[in-house]
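Input: a single structure, listed below in structure tokens.
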Amino acid sequence: MATQFQIIPPGKFSFKGNIGKNGSRDLNIGEKPQSVRINTLIYCMGDREEEFFNCFEFPPAPVPQEKEEEAVDWKQREGETVDEYITGLYLLAGHCNYGNLKEELIRDCIVVGIRDKKLQRKLQLIEKEDEMACLIKGCNFLLKNIPDEAFAFVRHGNPEYQFQTSEPNIFPYLLLNVGSGVSIVKVESEDKYERIGGTAMGGGTFLGLGSLLTNAKEFDDLLNLAVKGDHRNVDMLVKDIYGGAYSALGLPGDLLASSFGKTVRNSKQATGEAAHIYAEEDIAKSLLHMISNDIGQIACLYANLHGLKKCYFGGYFIRGQPVTMSTITFAMNYWSKGEVQGLFLRHEGYLGAIGAFLKGAEEDDTVKYQWGENYAGSSGLTCSSPPPYGKFATRGRSGTFDMLELDRLDHPLVHLPKLRDPGHYHADTVDLTKDTEARIYWLDCFEEAIDRVAKCAVKSQPNSEDSQERAQQFIIKYRKRLQELREQPFKVAHPVRKSVKVSCVFGISGKSSATDTSCTKTSSRSPMVEGQPHKLAIIFVDNSGADVILGVFPLVKELLNRGTEVILSANSGPALNDITHNELRIVIKRVTELDSDICLAVDENRLTLLESGSASPCLDLSRVDQELAEQCRKADLLIFEGMGRAVHTNLEASFTCESLKLAVLKNKWLANRLGGEAFSVMFKYER
């Protein structure tokens with residue numbers, strides 16, 4: 001017996017939008033069987049029933065590839081409304097066997113096919129940016145905002161990765177973007193740059209020839225082959241031609257004379273003699289040497305031509321590969337006689353992406369904001385080669401960097417103007433990438449403190465349901481990072497100042513705690529006390545509590561009584577038990593109620609507070625708050641108080657004005673290293 005039901009006629013039927021989906025709702029038959037819905041709707045549609053019928057989803061029949069390509073490339077026609085364009089896309093896609101990818105492909109077609117560019121931006125679709133402009137913007141951003149972004153590579157050096165200190169002025173420089181080919185750009189300022197040359201021999205050449213000469217079809221596979229190879233089995237060296245070095249021309253015997261030169265000699269073997277079979281690894285190594293040498297030599301020639309001393313390499317060809325970096329470095333040193341420096345970037349493959357992000361960001365204000373690398377959320381420097389370099393680099397993709405997480409600061413950071421030599425300023429007193437003994441000691445301290453730190457964190461959050469779980473995640477992640485640093489100390493350029501800054505540096509760890517209470521004494525009065533009063537002293541304060549109340553404020557009173565204006569600079573953000581700028585404001589308000597001298601100095605602006613721009617127990621003077629830096633130009637005395645600011649960092653820093661570094665050496669191992677005893681008082685005055 002046939003099924004009967006009442007159809008409620010709709011109002012005027014609209015062919016706009018997705019009529020296949022909207023129609024069944026309009027007729028109130030959405031719950032009926034599919035065959036009933038189809039026949040009913042076709043009947044109601046009259047002359048346009050075929051168009052409507054095609055909007056339904058049926059099991060797809062085999063579709064010619066040309067039809068699928070037509071759907072993917074379908075663009076909105078002039079005069080066609082957006083609704084009509086989308087309906088047309090669904091009609092076309094209905095004839096194609098896209099399966100689960102149908103909606104995604106339709107969305108992609110809309111992204112590239114819609115005509116209204118303003119609507120594209122409103123829907124956050126796509127907007128093309130100039131490739132070279134993004135590349136330069138990204139490179140400038142990294143060099144200015146990411147400490148230790150650039151490094152030189154010295155094979156078999158100690159350390160091999162030599163990170164460069166940031167400079168107040170990064171310009172001019174030469175940027176070599178190594179992609180399929182190589183573009184060479186002279187960068188003179190943020191907005192002034194010029195492509196001055198290039199070469200067609202680049203990453204595309206390496207992969208193209210490599211895929212012809214070996215069985216490797218992927219870039220990383222070819223790199224891994226090259227790492228295992230010996231190019232001397234394929235290349236002709238100077239000694240292969242002359243029997244040794246060519247001293248008259250200054251050519252060492254091991255110098256490359258001809259890439260793939262030995263393959264020519266073996267190809268001319270006597271008839272009937274078995275042809276020599278070259279290992280794929282040796283072929284890949286020779287190819288990598290050939291292209292890297294060429295890039296290094298061309299970079300050097302362009303740098304000399306334009307009087308530039310620094311060349312940065314980007315473009316994701318190098319990928320932290322020691323062989324590539326070593327070859328480029330050798331070529332540049334050889335042809336420039338050491339006058340031009342080849343520098344590599346930790347984020348070499350992301351320059352254009354970072355630049356495009358910055359150009360598209362609504363808050364892209366280079367004057368108002370500053371960015372800093374979040375070392376907890378970022379992965380470290382890695383390489384794609386096998387062990388020992390790549391023990392921790394077995395990832396889905398290769399490269400010098402996998403993840404970059406940035407923190408945005410609401411104020412710009414600049415170099416402290418009083419640094420004597422900003423270009424050679426190193427904040428850290430001990431370089432853990434070079435000092436093996438210190439590295440082992442501190443990493444052991446950090447590891448011993450993990451459980452204690454996690455336990456304290458859980459105890460501080462008694463009402464948190466997931467504190468235990470988060471503590472365990474912290475322990476696992478932190479131990480993994482420490483293990484990576486033991487094997488790859490270059491993974492984080494300056495570990496003490498960066499990702500391994502934990503409380504054990506300042507005495508929480510049992511291994512670094514001290515029990516001796518001896519102290520050193522100065523034998524005579526300092527010239528700073530006996531001389532004329534200073535005009536302006538800036539004191540970088542350390543711990544909260546008794547340290548600032550009983551230590552810093554008595555010193556402030558002494559300076560004020562001598563006629564010296566004083567600026568107290570505390571951390572912008574929290575770090576361990578260090579006092580912050582906001583906390584210091586609360587403290588000084590209370591102090592003014594107790595001390596009339598301090599109160600008067602505050603009222604007369606002879607005692608002021610400025611934040612340092614730091615959120616660390618250490619102090620990097622290449623990144624201080626801009627307002628503090630401006631005031632520092634008038635200072636004639638700088639005082640650094642505490643182990644983090646005066647010992648772990650800035651102990652060897654030199655200034656153009658008088659400086660005083662004060663600290664109690666609470667770590668017995670460090671005190672012994674500096675020639676003192678535990679709890680010795682360090683007093684270092686320089687003028």
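Note that this is a predicted model, so its numbers are computed, not measured. The first residue in the sequence is number 1, and the count goes up from there.
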Any side-chain donor near an acceptor of the partner, [X] and [Y], under 3.5 Å:
X: Asp191; Y: Ser189; value: no
X: Asn571; Y: Arg645; value: yes
X: Arg420; Y: Ser654; value: yes

Once you measure the plane-to-plane angle for Phe317 and Phe219, does it fall in the parallel (<30°), tilted (30-60°) or perpendicular (>60°) bin?
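Perpendicular.
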Do the rings of Phe446 and Trp442 sit parallel, tilted or perpendicular, given the 30° and 60° boundaries?
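Ring orientation, 0 to 90° scale: parallel.
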Tell me, with the steps shown, if Asn140 and Tyr193 meet side chain to side chain donor-acceptor pair (under 3.5 Å).
CA-CA 11 Å; Asn140 291 341; Tyr193 55 87; over 6 Å; no
Could you tell me whether the side chain of [Y] reaches within less than 4.5 Å of the side chain of [X], counting heavy atoms only?
X: Leu351; Y: Ile136; answer: no
X: Ser286; Y: Asp282; answer: no
X: Arg346; Y: Ile146; answer: yes
X: His231; Y: Phe260; answer: no
X: Thr649; Y: Asp620; answer: no

Is it true that Tyr161 and Phe344 have ring centroids separated by less than 6.0 Å?
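Ring-ring flag for Tyr161/Phe344: false, centres at least 6.0 Å apart.
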Under a 3.5 Å distance rule, please check whether Ser180 uses its side chain to pair with a backbone N or O of Gly204 as donor and acceptor.
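Side chain of Ser180 to backbone of Gly204, a donor-acceptor pair under 3.5 Å: no, none is there.
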